[in-house]
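Numbers restart at 1 for each chain; the letters A, B, ... are given by sequence-line order, proteins then strands. Quick note: numbers below take in every heavy atom, side chains included, and nothing from hydrogens, waters or symmetry partners.
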Amino acid sequence: MRIKIAQYSLTGCEGCAVSLINALAQNLELLNIIEIVTSRIIGHPEIKEADIAFVDGAVVTEHDLKLLNEIRKRSKVIVALGTCATLSGLCSLKDLYDQHELEKHVYGIRLPIAHLDNAKPITEVIKVDYQLPGCPSFVSEIDQFMKNIILSKSFKLPEGPVCFECKAKGLPCLLDIGKTCLGPITRRGCNAQCIEYGMPCWGCRGPVDEIRIDQFLESVKKHNVDLKELLKTMEIYLLKSNIISTIGDKLEVK
Amino acid sequence: MKLSNVVIDVLSRVEGHGSLYLELNSENRSVKRVELKISEGARFFEYAIRGRSIYEAPLIMSRICGICGVSHAICSAKALENALGINLPKEIELMREAMLELNIIDSHLLHVSILSIPDYYGVKTFLELPSNVKEKVINIIKLRNYIGKVLDILSGERIHPRNIIPGGFTKLPSKEKITIVAKELNSYIKDLESFIELVIDKMLIEFKRPGHYVSLYSGNDYSVISDKISIDSNYVVNKDEYDKYFIEESPSYSTSKKVLFRGSENFMVGALSRMNTNKSFMVDEAKYLLRKINTAIPSTNPYLIPLAQLIETLHMICRVIDILSEVYIKTPRVQIKLPEKESHGIGLVEAPRGTLYHSYTVDKEGRITFSNVITPTAQNTADIENSIKMYIEKKINKPITDKEYIKKECEKIIRCYDPCISCSVHAVILKK
C-alpha cells in the first residue's frame, strides 16, 4: 500500500505548498510509493485520513484553527512546512499593531471572516511531529525528508548555524562589514543561499539549538552593527521566538 | 420568482482559499447574485511594511504570494526606484524582464500541467489523464522544473528571490553560468510545441461576452515592464493616472479587494489581455501558433486564457533565451540616494495573472510611510463574476436546476482565470 500524503495550507502565501509540489515534480517516481489523498491544488480538497500531513501557513483565522485540529485527528504524522507553520513567519508582522489600529485604517468595512487576535505557528496549537522551516521550505530538505520516511528512517534537522555553510562556501562575512546578518544564531540547512546572493540572513530557519548569544552580541558590537536595525530584522521571522526578547533585554534597546 | 442558491465551498485546483455563491432565478434563467468569496486570512502587508527600510521591502513583499513572489519583488523595487527618482541601465532592466518572464512561465506551466488540464479530459487530477496525454504533461512538468532551475540560479530561489533590491540586484551569477543555462533551455521548446498541438483544439471553446481587457503597453515590445497601460487596444493611460481609471472597493463578502474600471465596469488582465494588446510583438514561433486562432483574437473569452498562457510561454521562453545569451552586466546595481523630502512612487509590471501595481511613500531616512498593492486577481474578480453570470444566462445548455452541472462548469470558468487568492488577500483597502 502506498503512503498516504495530505497537503494543507492555512493562511500564508502557499509558497511552501508549491515547494512541496516542486519537490514531487522533480521526483515523479515517488508517486509509485506515495499517494496524494488531500491537496486542494492537485484537485482533492476533502480532508482525509493520511499517514503524513504537510501543513503550511500560520493559524490566523478561526477557520485555520478548526481545520488544524481536524487535520491532527485525521493524520498519523504532521509536518510543519515552512516558517509560517514553525514560527508563524511573516503572518506575525501584523501583530506588531493591534487589531483595532489595523481596523481603524480599513476603509468602511469589517473583515468578513473571524480573525484571531494574534497569528500563531501551528506548533503552538497542536502536537507537530516534524518541522521543515524555511521561507519558503527547501525542496532539497523536503526531498531528503521523503526519502527518510520511505526508508522508515528518522529525520533530524541539521544542527549548527548558517555560518558553517557560509564559511564552507568561502563567502565573505556580512557582519564584518556591519550588515545585520542573523546567520550566527540561525539554524543551517539553507546552504547560505541568501548570503551567497548578497542578502544578510533574516533567520527564516529559526534559532539554532545551541545558541551563543553573548558571542553573537560581542561580534555585533565589534562591527558597529546598528542594534535597533538588528532587532527590527529579527521581527521579520523571529517575533514569536524567545530569542528576540532575550536579545532585546541584553541590548537594552527598545 | 423561483430563487435557488448554488454554493461551491472550496474551489479546488486554484491557489488559495475561495468559494462561490450564486443566487439564481430559474423562471427567467437570470443570475440575481454572483459572489466570488475569498476567505483567506488577511496578513496586512501594506500596513506592516510601514516603518521598514526600502532595502527590505521587495523581499518582504515577495511573501505576499508563493507563486508570483518574483513579480511582487520586482514591482516593489520599481515603485521604490520611482520614488527615489532612479533610472536603471538597460542591462539591469533586461535581467528584470527575463526574471519576470521566467516567473510568468513557471506559473503558467503549473496552471496548464496540473491545475487546469484535468478539465479538458473530464478527470479530477492530472494523474488520471490518458497515458498519451500524461506523457506530454510530464514533459511540461520537466520543462517547468528546468525553468525553476534557471530562476534558482538567477535569483537564489525561484519562489522568493534573494537578490532584488531598489537599484538592481545585490548579486548576480557569472556571465558564463547564465549563458550555459540559457543554451539548454532551447532543447525544451519542441516539447512545449508538441503539447500545444495536442491541446489546442480542446482549448478552443466559443463564448462571446462583452468586457474590457487591460495590459501594459510600450508600443515596441510584448511588455512586462512599462509605465503605460493599454485599455482595449484603444487608449493608453500613464501609471500616474492608474487610480483615476481603476477604482478599488472592498466587497463586504470577501477579504480581497475588487477593482472596477471607471468605478463600475469589469475588465480582464492576464495572458489573454497581453496577447490581445501586444500580439504583433511576439516572436515568430508564437505568431505561427497564433495564426490558428487568429479569428478569435482580440477576445475576452475566458476559455481562451489557458491557450493564451501556452502561446505566451513559447514567446517568453524564446525571449528569455535571447536576453540571457546576450546580456552582460558589469555592475548589478546603481547607487541610490535617499530623497530630500518624502517622495511617492509607483511601479507596474506584468505578473503571471496580469498587471501588478505597487506604490509607496518613502521618507528621508529611506523608510516606508505608505504602501498600496493592487493585484491581478483583485482586478479579475469582477470579470470572473461577469463571466459566470453571462455563462449561465446565455451559454449553458442544461436546465439551471442542475446544480451539480452548474457547479462544475462555474469552477471550470474560474479556473481558466487561474486566480491567485493568496495574492489578492494581501490586505484590504487602507486609508491614506
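Neither the backbone nor the side chain of B:Ile140 comes within contact range of chain A; no heavy atoms are under 4.5 Å apart. The parts of A:Leu93 that come within reach of chain B are both its backbone and its side chain, each placing non-hydrogen atoms under 4.5 angstrom from that chain. Using a 4.5 Å cut-off between heavy atoms, A:Ile21 touches chain B through its side chain atoms alone. Proximity to chain A is absent for every atom of B:Phe169, based on heavy atoms less than 4.5 angstrom apart. Proximity to chain A (any heavy atom under 4.5 Å) is shown, for B:Ile49, by neither the backbone nor the side chain. Looking at B:Leu172, there are no atoms closer than 4.5 Å to chain A (heavy atoms on both sides), in backbone or side chain. With a 4.5 angstrom heavy-atom cutoff, B:Ser113 does not touch chain A via any of its atoms. For chain A, the nearby part of B:Leu154 is the backbone; its heavy atoms alone come within less than 4.5 Å.
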Working note: A:Met199 + B:Ile165, criterion side-chain contact (heavy atoms from CB on, under 4.5 Å); need CA distance, chi angles, decisive distance, verdict.
CA-CA 9 Å; A:Met199 270 287 165; B:Ile165 49 162; 3.1 Å; yes
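Formation of a donor-acceptor pair under 3.5 Å by the B:Arg52 side chain with backbone atoms of A:Lys232 is found in this model. At distances below 3.5 Å, not a single donor-acceptor pair connects side-chain atoms of A:His115 with backbone N or O atoms of B:Gly41. Between the side chain of A:Asn22 and the backbone N or O of B:Asn145, no donor-acceptor pair lies under 3.5 Å. For A:Glu14 (side chain) and B:Gly66 (main-chain N/O), no donor-acceptor pair under 3.5 Å exists by modelled atom type. Of the possible polar contacts, one joining the B:Thr170 side chain to the A:Tyr197 backbone as a donor-acceptor pair under 3.5 Å is found.
In this structure, A:Lys228 does not pair ionically with B:Glu365, as no charged nitrogen and carboxylate oxygen lie closer than 4.0 Å.
Remark: B:Glu56 CD to A:Glu229 CD distance equals 6.5 Å, nearest 0.5 Å. Expressed to the nearest 0.5 Å, how far CZ of B:Phe44 lies from SG of A:Cys91 amounts to 12.0 Å. In this structure, A:Lys94 NZ and B:Glu46 CD are separated by 14.5 Å, a value rounded to the nearest 0.5 Å.
When all heavy atoms are compared, the tightest approach of B:Lys124 to A:Gly43 is CE-O, 3.5 Å. The shortest non-hydrogen separation linking A:Ile41 to B:Leu115 is O-CD2, 3.2 Å. Across every non-hydrogen atom of A:Trp202 and B:Leu59, the tightest pair is CH2-CB, 3.8 Å. Annotation for A:Cys135 and B:Arg63: closest pair O-NH2, 2.8 Å, computed over non-hydrogen atoms. Of all heavy-atom pairs spanning A:Leu28 and B:Ile138, the tightest one is CD1-CG2, 3.8 Å.
Chain B forms more heavy-atom pairs under 4.5 Å with one residue of A:Val139, A:Val18, A:Val60 than with any other, namely A:Val18. Looking only at heavy-atom pairs under 4.5 Å with chain B, the residue among A:Cys194, A:Ala25, A:Gly198, A:Pro136 that has the most is A:Pro136. Chain A forms the most heavy-atom pairs under 4.5 Å with one residue out of B:Ser155, B:Pro173, B:Gly69, B:Ser53, and that residue is B:Ser155. Contacts with chain A were tallied for B:Ile159, B:Asp152, B:Asn163; B:Ile159 has the most, counting heavy-atom pairs under 4.5 Å.
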